[in-house]
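What follows is a structure written as structure tokens; I'll ask about it next.
Labels below follow one simple rule: chain letters A, B, ... track the order of the sequence lines, proteins then strands, and each chain is numbered from 1.
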Amino acid sequence: MTSIAIPSGMPQYDDVPRYDVARVRADFPILDREVNGHPLVYLDSANTSHKPRQVLDVLAEHYARHNANVSRSVHTLGTEATEAYEGARAKIAAFINAPSVDEVVFTKNSTEAINLVAYAFSNASLRPDADPRFRIGPGDEIVISEMEHHSNIVPWQLLAERTGATLRWFPVTDHGRLDESGLDDLVTERTKIVSLVHMSNILGTVNATSRITQRVREVGALLLLDCSQSVPHLPMDVVDYDADFIVFTGHKMCGPTGIGVLWGRGELLAAMPPVFGGGSMIETVTMARSTFAAPPARFEAGTPPIAEAVALGAAVDYLTSIGMPAIQWHEKELTAYALDALATVPGLRVFGPNVPVGRGGTISFALGDVHPHDVGQVLDSLGVQVRVGHHCAKPVCTRFGVPATTRASFYLYTTTEEIDALVAGLEQVRKVFD
Amino acid sequence: MQLDQLYQEIILDHYKHPHGRGLRDATDPVARVGEAHHVNPTCGDEITVRVTTDGKVFTDISYDGMGCSISQASASVLHELLRGRAADDAAVVHEAFVELMSGRGQVTPDEDVLGDGVAFAGVARYPARVKCALLSWMAFKDAATRAGVGVSPEVKA
């Protein structure tokens, strides 16, 4: 990395929070294993992250010692389980600086969280007395971007089909940045919601949101940020970002699968109609009709993933103990290192920003004409685990004229040696396919 | 796992120098033509296979698509093996190839039936890649059915 002298009195490189990566790696049992006779080089954390012992222990401990259903039992185990579940909610609220614990709704994952908001719009549109901010129909518009994951495309396409609303898109520039040049024409008085990825799962781009937020406020629309790839990797403050909703998923941030989060501004969640009906989400039920609990319970019908929520709370504790600013900086250094290293590979083309600014540690690329499946297969034979394919972001692939890409993605436990192994592996790929 | 079991010389050769690639129109105006487009949704690979038949023989099998070395080489081998064959004959080869790919590496291929297709025996050990190898063969089956010539009992990839 190049370094430049920073004038005294300014923040210096040495002021940046750091941690010992080797010690962090020792917390992750899976990092000890071998793959195809080589040490595991896991470069697929944007797909799912590994879990530290601290999280695995809490998951096992919950089932071994505190297992009971939540929010309905007077007995001791039920109380312990409820306290653990609600305790996890409080940890997650603090992690994203939510003004109230009740603004954190547990879901299965980000996909379910986005669908929940989309179906709330749908349901509100069928009820004349619903809050007008959630009522949508012909003439109204939903705005997303070309760099969304399918989970932030398809729910809105379906909502548009159900309601007659129009779906509009922010384009992406050749450098893989969000093209905001048409912002004022794209986000207008007709816009009901802008649902935007915070960090792209394929390009690695971290979108600057303030101009968009400002425009959304001007026109009275709502803003949802898909933070599936950002909350695990950088400090998130929902007050500072001034979003209306954010969504993220536990398994990408050292937590288990099956647990995700919808955060919504309290006042908005209170105005939002229910989506899933069932136990736990009601106030009272008669044979004639039901009334509903306040958020977050209103949106958590049925027995939730209790142990998973508790373990996600442990994951948040773990990440906090290392420090999100330190993790963010570690990944920034890795990204700079990787972009420099990949630039030395002949025929390699990076999709997305090629500087470590306004981007995270997820790098998609093409290696000459070699199909990503073949790249991934050769790398796997060397123990290097990358993702290949369209990454559930086909419009991005279409935008850059490729059916698929190879993607390496980093996390708090990734090392520069692993990036070296990737680069050496790519040399092997070139040998097999010349 | 041995990588060279997967990327046999024959496969790389078909990939780099595909046989019969490019969609062709029928030369005989009364020939029956069937076409099918198949997609592998997990990786985005696509292939279009077009068959031309007089009702008995596959007079041409042409294809176009994009995808990994395995899927593209497999289409080339398909063209080599089945073009000019009678439908009954082709069905035997098709069935043998599907059986090989579904065999998890436990099936010993018969070179007399499968020709260059035996090179795909190693692919059967990689469950994630079996779909790649079968993509063109499944598209061929649909295309043949559309041309009015069934080639194989129902197969599940």
When A:Gln377, A:His391, A:His390 are compared by non-hydrogen pairs under 4.5 Å with chain B, the top option: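 Of the options given, most contacts go to A:Gln377.
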Around B:Glu111, counting heavy atoms of other residues, nucleotides and ligands shown, do more than 12 lie under 6.0 Å from its CD?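 No, because the 6.0 Å sphere around CD of B:Glu111 holds 12 heavy atoms or fewer from other groups.
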Name the region of A:Val375, side chain, backbone, both or neither, that has any atom closer than 4.5 Å to a heavy atom of chain B.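 Looking at A:Val375, nothing touches chain B.
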Can you confirm whether more than 12 heavy atoms, excluding those of B:Glu9, are under 6.0 Å from its CD atom? no
Just so I know, are the side chains of B:Ile70 and A:His373 near enough to count as touching, which here means a heavy-atom distance under 4.5 Å? no
A:His175, NE2: over 12 other non-hydrogen atoms inside 6.0 angstrom: no
Quick check on the interface: out of B:Gly67, B:Cys68, B:Ala128, who has the most heavy-atom pairs with chain A under 4.5 Å?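 With the most close heavy-atom pairs to chain A, the winner is B:Cys68.
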Say you draw a straight line from SG of B:Cys132 to NE2 of A:His371; how long is it, rounded to the nearest 0.5 Å? 7.5 Å
Does the side chain of B:Met66 come within less than 4.5 Å of A:Val402's, by heavy atoms? no
Give the minimum heavy-atom separation between A:Val370 and B:Tyr15, together with the two atoms involved.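 The answer is CA-OH, 4.4 Å.
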Charged N to carboxylate O under 4.0 angstrom, A:Asp369 versus B:Lys16?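 Looking at B:Lys16 together with A:Asp369, the answer is no, because their closest N to O distance does not fall below 4.0 Å.
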Who wins among A:Val378, A:Val388, A:Leu382 for the most heavy-atom pairs under 4.5 Å with chain B? A:Val378
